[in-house]
There are 4 protein chains.
Amino acid sequence: MSEDIRRVVLAFSGGLDTSVILKWLQQTYRCEVVTFTADLGQGEELEPARHKAELLGVKPEHIFIDDLREEFVRDFVFPMMRANALYEGLYLLGTSIARPLISKRQIEIAKQVGADAVSHGATGKGNDQVRFELGYYALDPDIKVIAPWREWDLTSRTALIQFAEQHQIPVPKDKRGESPFSTDANLLHTSSEGKVLEDPWEEVPDYVYSRTDDIVSAPDTPEEITVEFKAGDAVAVNGTALSPAELLTKLNELGKQHGIGRLDLVENRFVGMKSRGMYETPGGTVLALAHRGIEQLTLDRGAMHLKDELMPRYAELIYNGFWFSPEREMLQAAIDHSQAKVEGTVRMKLFKGAAHITGRRSAQSLYSEKIVTFEDDAGAYDQKDAAGFIKLNALRLRLLARRDRG
Amino acid sequence: MSEDIRRVVLAFSGGLDTSVILKWLQQTYRCEVVTFTADLGQGEELEPARHKAELLGVKPEHIFIDDLREEFVRDFVFPMMRANALYEGLYLLGTSIARPLISKRQIEIAKQVGADAVSHGATGKGNDQVRFELGYYALDPDIKVIAPWREWDLTSRTALIQFAEQHQIPVPKDKRGESPFSTDANLLHTSSEGKVLEDPWEEVPDYVYSRTDDIVSAPDTPEEITVEFKAGDAVAVNGTALSPAELLTKLNELGKQHGIGRLDLVENRFVGMKSRGMYETPGGTVLALAHRGIEQLTLDRGAMHLKDELMPRYAELIYNGFWFSPEREMLQAAIDHSQAKVEGTVRMKLFKGAAHITGRRSAQSLYSEKIVTFEDDAGAYDQKDAAGFIKLNALRLRLLARRDRG
Amino acid sequence: MSEDIRRVVLAFSGGLDTSVILKWLQQTYRCEVVTFTADLGQGEELEPARHKAELLGVKPEHIFIDDLREEFVRDFVFPMMRANALYEGLYLLGTSIARPLISKRQIEIAKQVGADAVSHGATGKGNDQVRFELGYYALDPDIKVIAPWREWDLTSRTALIQFAEQHQIPVPKDKRGESPFSTDANLLHTSSEGKVLEDPWEEVPDYVYSRTDDIVSAPDTPEEITVEFKAGDAVAVNGTALSPAELLTKLNELGKQHGIGRLDLVENRFVGMKSRGMYETPGGTVLALAHRGIEQLTLDRGAMHLKDELMPRYAELIYNGFWFSPEREMLQAAIDHSQAKVEGTVRMKLFKGAAHITGRRSAQSLYSEKIVTFEDDAGAYDQKDAAGFIKLNALRLRLLARRDRG
Amino acid sequence: MSEDIRRVVLAFSGGLDTSVILKWLQQTYRCEVVTFTADLGQGEELEPARHKAELLGVKPEHIFIDDLREEFVRDFVFPMMRANALYEGLYLLGTSIARPLISKRQIEIAKQVGADAVSHGATGKGNDQVRFELGYYALDPDIKVIAPWREWDLTSRTALIQFAEQHQIPVPKDKRGESPFSTDANLLHTSSEGKVLEDPWEEVPDYVYSRTDDIVSAPDTPEEITVEFKAGDAVAVNGTALSPAELLTKLNELGKQHGIGRLDLVENRFVGMKSRGMYETPGGTVLALAHRGIEQLTLDRGAMHLKDELMPRYAELIYNGFWFSPEREMLQAAIDHSQAKVEGTVRMKLFKGAAHITGRRSAQSLYSEKIVTFEDDAGAYDQKDAAGFIKLNALRLRLLARRDRG
């Protein structure tokens, strides 16, 4: 277990668990710990993390606190939205998509400070350990990886708190008892898992929701909004141009008020088990639908159907942690190629837990009222062409029927 | 055009258009017309169709009126639901799935009455002509097909009405003016297209909706329901066992009250153009989500992901009219193979335009609380296994990184 | 039929059929005909085509004769080889891949000379009409297309020859009788179809082969060659750097001597029927295998498997004539992304009708003897990792078995 | 390591390695060992294995020797052939497909004798460990698995031989030195890996080949054969009806004489590394091509193209060891559905290392000479239909071009 480690970069939230890990790393590996705390829009103060790291003996120059919100949305969330990615038909991949960015930044810091190892606080049952570590290895094949939850003997909450107390790590009051569930949050979503959620028949209790307002008490009037796109990415809401992170923040506010983006899901983890989670993705839910809406008008059928067929694989790759893989990049190349003219405006109504498209327009529209009209089309389309089209599409089926009728 | 036809089976709704077609067929082909009117749950009386056919000179024994609702749901809607089929990510294929059944019955009748041709009232711009005719040819490769809209010169509404008046075909008052849009209905959905809907930026006017109540004025309290499944098909609602058509009827009532299943869509037709439609699929929307819910608990990951990857192709085949094709049947064989143990109960809330899963349980559940738990699992899962799992999944990425790092 | 045409660009081989078409166009449409004759490596003199065009009254400045061999191989054959494209498992798409280039050049010429129409000599039963015309329309949506074989009444060989004689078009002696089969040739392959080949049980007669030497009388000693790749494309043979067309020419010579690349195929045409053809692709067959060989060493598994899954669709698109489509371009973007480091040398033996890989090496190899060795690997790979890898891959299967054993 | 094991079923070849394993299991786990030796057509006597097992103290009633050749070909090789399965474009999966049958029989024996564990002799670097163990777990989720190569400390050949000598296990002379490569054989193929083959640039030495005659010295005259199919499976060779194993044996003889089925491959293992192997699949190579040949004539295009798209995934599943998985079974259901009318006769020539189709015929042919002919077809196909077919296929491309030309 304790191979020779000199310096390790830890993904450090400042919470109880990663504080214990920090101390445990120092003790177990007798190595220097470098902390990395990222602002991905999880909505927590980061400066307390700095203070805790200092208290635990991390050198000031070894405390990294980065605001990655713009990079997160621009380089991870948006490319995924271009793909209309849904895991198992429903999940917008809010946790999955944040992991590669954390891995990437950890490896960058490791290079900068000359660390030979990285560490994270994900457990041995989940997907996140896989996502972190596949990211680490893909970006630095010789990095050493320490996954304390798979190594140590602090297997119960009590043991963890005892360790904390022994080492003067402050234990928040509400952490003494069992917390009712486990969460992860970033600008795209908040996930909740475990404990009270572990019975998939039990309804998610109201107090689990943190990012979306209650659907019943949400406003009784639909709110109309517009989302504007350029090259497949959202660039403005209600006519106001916004940066990627600003835009997602704005859609989160709007989605939250209307209770949009709640998902109660039983999903298949990469490690082979089913788990039940509750996701809140207010802005992402609105954005994903808006993207579909603008593609409807501006994307060729061949491109759209190919995208739809590739999507489940693409989503699976992200879910399983293969963001930094040749095959994900190949799919992204195909998807991005299709998005050059995906631009225009989608109008939606937000109301009581759902978003609804009510209109879309684009300077790059492929929709032709002239051709589709039930009215006289002045020869734009010759209905007689359909006869030959059907005849040749039917030819193989007729040959088959002639044989099989026998 | 007027090749030698002796007897033709016409898909006859009894409305103005197919009445005109009936007369036009008699005139143009000097042939005997047999009418076929199907009850697919479109919610209209069928006896008036009999009366009109008689008035237009069809022999009583050549008037076929069939209640196909159970067959429609059992043999067409349900198999499609097993696949979680969505065309272009959103559309539940309500029109597409009804066409093959009509084709099938028309060909059966043609054989029964010794007809050498079939005819339908679909226009030359749409998908339905393709769906009808691919069905005809796949089931009887030598049948002759007459598609009046592609042949005749009644290209304007005025011409059509003139023809009707000349031939004593009653023209309903509201048909004299341009109807504001064109519709299709069956037990699964109602679609509306054309006219006021042709500008995809214009919001769908309230009066277009006929199958779902207004979302804003829908009940202010969520309604909790349960849907029970056996072998991938829904068999009961709220604990009451129902036949396929009864069940969909029941879900339609529930969905309607809560304004569920409205979809404003711009889609890509098989004939190469984009069109804008509005679909109302109240029960189908609830059912599709419920099916996902029960699969979450009872379907293996490998099966689910394969289904998700095959689905877009499967949906495209149905949309394009290839229900009676070897490839659709092959996909169905794969899908059906996965459904044997897809059984159990899904609990949902219906509220203000959307359905939400709130719980699912099954005697065939693959979810294991014992394994997934954050608590002590008593050795059900060895977290150390994850290390090797990640290492070998990472191996190729590391070899790649070693090479590419240069 | 004879809509108003002013000037038409005809794909003109100089043979009997396109000479008749030239005259027929002048007569039927009373329009100016511009001829375009391409050297795609079919191995025929092109200057006679100029002479014939002049004789038929085409203005010298309206006779276009282009050597497109380098563009053909570089921009069409090579991208397709990167994909390992095989239609229906066996066919290297030699005819299909030449059509888009001809379409492209015809449209360019049409723009240059201000033509409003294009025309080709493909029949109404084949794939080539589709490939030409989809290319035309994709590159100039408003171009008019004249397909004489679908329009005229010269439906028998006799009628065609009569027309030729009436118009002083020289009829080669061997064209007076029925030619025994129909061929198409370019630098990639020669195809033969029809007539004596129409019974798929009859063996292809020896005299049909024109591009490959007889397998039995081919050299009795294998010939060893090397093919070198850069970025997925072949760049040298036997150590000599060659341009794309030179390289394919060289491989054609080598393949020919050893009787390599003969394929007797029954294939499915896009227009719905099966046809039987014989293809000779000497250099292409060697090249395709060599490309697989170098990918084996340099391409990541994830990339390779994704390519393999996308390939049938890609091949179908080319076969069906959708080269200039968004979906073909998307797939190409994905494929090309994978090829950056596909470089190195493949050694092969050519012998009696087949090529065999005997070795491959690359500075970009991902093969690691250190890791794969059965010998002691000094810790490069920890066999114990496999235990966890298998355990977690098996987990879902075990959960399934526990349920289903019931 | 040494958890409590009572009785273990070992896949036992009788060779040095599994003899050592047998003894090691007895020593390490102090358990009873049951041996299972299968005749899969590897061409070795099995009775010596019985004798060795007895010598090593296995009870007579615990020695299982089974002839599984017919089951192997009928239930494993043939279903795979129906799929035209090729891993990474070239490999006929000869090793992969034998593993699930061995796993299945081991589990059956374990149940019969009340064993609580199974064991195999595959190393920790290869695919076979995965294939065996996924099979075990899928068929008995609670079975214990012992993989000695991943557990013991006999990491060098010398250590292994020392252990053998210490325990009176006879060491064949040629095993004292390093054997020049490692092999696996069954009725479908022989594979060779390791040692002299580990440099992928070095040509495979002649002495490695054991199942195919030298290509150069093979007969100078092609041999014509026929293969007959029913429902997708080969049933006769040269007019003689044969059982599955007899048929493959016959094709092996024929293929061997003509040096057919040699494959020098660098492949991607599931465990993440590339390896180089040499495969000899004489009969299988002939059979795979023959199957393609009969499908060409009898399989609908839609079915064939779907099969081609599903094939790489199917092959990957078998290669990776997921024979007993829902997704492999789903794909098999789809594939098998397509094979009902895949019947008829294929004629081939075998010559100097390759097989060539020279004809195919079938009572279930979908090929229509009447329709495809270049001659007058008497109206079987209306060439004018192609115009509409092309127009509507082109429509979306024209709309795209109009937009993008801007």
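Below, chains carry the letters A, B, ... as their sequence lines are ordered, and counting in each starts from 1. Values below: every heavy atom of this structure, side chains too, minus hydrogens, waters and symmetry copies.
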Discussion item. Quick check on T345(D) against chain C: is it the side chain, the backbone, both or neither that has a heavy atom closer than 4.5 Å?
Written reply: both

Worksheet entry | Between E327(D), H356(D), E202(D), the one whose heavy-atom pairs under 4.5 Å with chain C are most numerous | E327(D)

Practice prompt. Please determine, among G272(C), A147(C), G321(C), P200(C), the option with the most heavy-atom pairs under 4.5 Å with chain D.
Written response: P200(C)

Practice prompt. Would you give the length of the straight line joining atom CZ of R360(D) to atom OG1 of T226(D), rounded to the nearest 0.5 angstrom?
Written response: 14.0 Å

Fill in: Side-chain (K274(C)) to main-chain (L297(D)) donor-acceptor, under 3.5 angstrom
no

Worksheet, complete the sentence: Looking only at L139(C), I215(C), L399(C), the option with the highest number of non-hydrogen pairs under 4.5 Å against chain D is I215(C)

Item to complete: Pick whichever of V216(D), L310(D), I357(D) has the most heavy-atom pairs under 4.5 Å with chain C.
Response: V216(D)

Worksheet item: Donor-acceptor pair, Y137(D) side chain versus N393(C) backbone, under 3.5 Å?
Response: no

Fill in: Partners passing side-chain contact (heavy atoms from CB on, under 4.5 Å) against E369(D) (at least two apart in sequence or in another chain)
E198(C), D199(C), Y367(D)

Worksheet, complete the sentence: Comparing L299(D), L289(D), D220(D) against chain C, the one with the most heavy-atom pairs below 4.5 Å turns out to be L299(D)

Worksheet item: H305(C): what forms a side-chain contact (heavy atoms from CB on, under 4.5 Å) with it, not counting sequence neighbours?
Response: R301(C), Y87(D), E88(D), E316(D)

Worksheet entry | Part of R396(D) within contact of chain C (heavy atom distance under 4.5 Å) | side chain

Response to the item:
Comparing L263(D), I390(D), L397(D) against chain C, the one with the most heavy-atom pairs below 4.5 Å turns out to be I390(D)

Worksheet entry | Atom group of I371(C) that falls short of 4.5 Å from chain D, counting heavy atoms | both

Discussion item. Does anything in residues 126-133 of chain C reach chain D? List residues with heavy atoms under 4.5 Å apart, or say none.
Written reply: Q129(C), V130(C), E133(C)

Item to complete: Name the region of E295(D), side chain, backbone, both or neither, that has any atom closer than 4.5 Å to a heavy atom of chain C.
Response: backbone

Worksheet item: How long is the gap from NZ on K352(C) to OG1 on T221(C), to the nearest 0.5 Å?
Response: 9.0 Å

Worksheet entry | Most contacts with chain C, counted as non-hydrogen pairs under 4.5 angstrom, among K349(D), R292(D), K384(D) | R292(D)

Fill in: Flag, side chain of N320(D) to backbone of F322(D), donor-acceptor distance under 3.5 Å
no

Worksheet entry | R276(D) side chain to L197(D) backbone, donor-acceptor under 3.5 Å | yes

Fill in: Interatomic distance, L86(C) atom CG to M311(C) atom CE [nearest 0.5 angstrom]
5.0 Å

Worksheet item: Which is it for R262(D) and D214(D) under the side chain to side chain contact (heavy atoms under 4.5 Å, CB included) test, yes or no, and what are the steps along the way?
Response: CA-CA 10 Å; R262(D) 297 177 167 193; D214(D) 180 64; 4.3 Å; yes

Fill in: Set of side-chain contact (heavy atoms from CB on, under 4.5 Å) partners for D142(D), sequence neighbours left out
R402(C), R405(C), D140(D)

Discussion item. Counting heavy-atom pairs under 4.5 Å with chain C, which one of M278(D), M304(D), R347(D) comes out on top?
Written reply: R347(D)

Worksheet item: Can you check whether K125(C)'s main-chain N or O pairs, donor with acceptor, with R269(C)'s side chain at less than 3.5 Å?
Response: yes

